[in-house]
Trainee: 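Dropping a structure here in structure tokens format, bear with me for questions.
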Amino acid sequence: MTVIDPDTTDWVPGTDADDDAEEMPLSLRLSIADTLTLGNATCGFMAVYFTTTGILIPHLSGSAETGMARHSAATAVILMLLAAIFDLCDGLVARKLRSSPMGAELDNLSDLISFGLAPAYFVLVYGMVADDAHQRVAAVAAITVLLAVVLRLARFSCVTMKDGMFQGMPSPFGALTVVSIVLLELPFVPTLLAVIGVAWLMVSRVEYPKPRGILAVAMLSWIVGAMGLLAAWAFDAPGGQLLLQTGCVLQVVLGAVIPLFATARRVNNIRDNRREARAAQP
């Protein structure tokens, strides 16, 4: 039999859990948006896993099969697309409900995994398994992609932009453009130059609209459609290769056209401001 001396303890039955809940810092409580953000990070990690186990290891061991590599590549890219959906939804949920004080930090760290490490690793593995590739050059391109995402995310945390705009290509869009370039299976040199071009766009000062409203719905529809194209390609459906190439070309074209429109709009705004300034002069 245990005897509790009331003079030597302040314990009161039923109060420990309540006290812990009240004393838990707000910064340690995960919101719904934070949970979606963690789903983003998980998808990015699993994309690296499938790229390693389904493409790299079979290639190094000499047991690579075209079908298995295709399935693994499609799975890895689908996971990056799913990470983009999580990234899109966590922002929408955070605006509608709430996010924890560490939500922004979680978002940046998750984006670094899913849209920095995963696509950079995809480029690196491509440089190891492609017939005409050069591993060391591909490694430099992969590091360029990773550092571009790191710099872009760091700048996003420090630079205040006007509402509704990003500075530089958003990392999810950049990651999907990079893997689309790789999946097109172009010659090695054009592929690497295009990948480095995307990395430059991510750290550029080109303004991109934030996915809100109709644009968010269009982006979500595009991502779901891309998942369908990848699935058709993975299971060798009739016309699956052509459908995948068409989707990749559209992704790359969007990546090239949006900066042109943004630059043209910026030039027109500068001209309009100059004209207004001249008209206002006496």
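When reading the values below, keep in mind they use all heavy atoms of this one structure, side chains included, and skip hydrogens, waters and symmetry mates. Just so it is clear, the model here is predicted, and its values are computed rather than measured.
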Trainee: Under 4.5 Å between any side-chain heavy atoms of Leu192 and Tyr126, yes or no?
Mentor: yes

Trainee: List, by chain and then residue number, the residues other than Leu250 in its hydrophobic cluster (Ile/Leu/Val/Met/Phe/Trp/Tyr, side-chain heavy atoms under 4.5 Å); write none if there are no others.
Mentor: Trp222

Trainee: Determine, step by step, whether Gln245 and Leu183 satisfy the side-chain contact (heavy atoms from CB on, under 4.5 Å) criterion, reporting the C-alpha distance in whole Å, the side-chain angles of both residues, the deciding distance to 0.1 Å, and the verdict.
Mentor: CA-CA 8 Å; Gln245 291 179 343; Leu183 289 175; over 6 Å; no

Trainee: Does Met46 reach the side chain of Thr75, with side-chain heavy atoms less than 4.5 Å apart?
Mentor: no

Trainee: With a 4.5 Å limit on heavy-atom distance, are the side chains of Thr52 and Val48 in contact?
Mentor: yes

Trainee: More than 12 heavy atoms of other residues, nucleotides or ligands under 6.0 Å from CD of Gln241: yes or no?
Mentor: yes

Trainee: May I ask you to test the Thr42-Phe86 pair for a side-chain heavy-atom distance under 4.5 Å?
Mentor: no

Trainee: Indicate yes or no: at least one non-hydrogen side-chain atom of Asn108 is less than 4.5 angstrom from one of Phe156.
Mentor: yes

Trainee: Apply side chain to side chain donor-acceptor pair (under 3.5 Å) to residues Asp111 and Asn40 and explain how you reach the verdict.
Mentor: CA-CA 7 Å; Asp111 287 353; Asn40 171 6; 3.0 Å; yes

Trainee: Listed by chain and number, what are the side chain to side chain donor-acceptor pair (under 3.5 Å) partners of Asp107, not counting sequence neighbours?
Mentor: none

Trainee: Are Thr37 and Leu109 side-chain neighbours, meaning at least one heavy-atom pair lies under 4.5 Å?
Mentor: no

Trainee: Does the ring centre of His71 sit less than 6.0 Å away from the ring centre of Phe50?
Mentor: no

Trainee: Keeping Arg205 on the side-chain end and Gln167 on the backbone end, is there a donor-acceptor pair under 3.5 Å?
Mentor: no

Trainee: Identify, with sequence neighbours excluded, every residue that meets ring pair (Phe, Tyr, Trp, His ring centres under 6.0 Å) alongside Tyr49.
Mentor: none

Trainee: Leu193: which residues meet the side-chain contact (heavy atoms from CB on, under 4.5 Å) condition with it, sequence neighbours left out?
Mentor: Val189

Trainee: Could I get the full list of side-chain contact (heavy atoms from CB on, under 4.5 Å) partners for Ala175, not counting sequence neighbours?
Mentor: Phe115, Pro119

Trainee: Show the atom names and distances, to 0.1 Å, of all donor-acceptor pairs under 3.5 Å that link a side chain in residues 133-152 to residues at least two apart or in another chain.
Mentor:
residue : atom : partner : partner atom : Å
Thr144  : OG1  : Val140  : O            : 2.8
Arg152  : NE   : Met169  : O            : 2.7
Arg152  : NH2  : Gly168  : O            : 3.4

Trainee: Report yes if some heavy atom in the side chain of Thr53 is under 4.5 Å from a heavy atom in the side chain of Ser72; otherwise report no.
Mentor: no

Trainee: Would you say Phe166 and Glu207 make side-chain contact, with heavy atoms under 4.5 Å?
Mentor: no

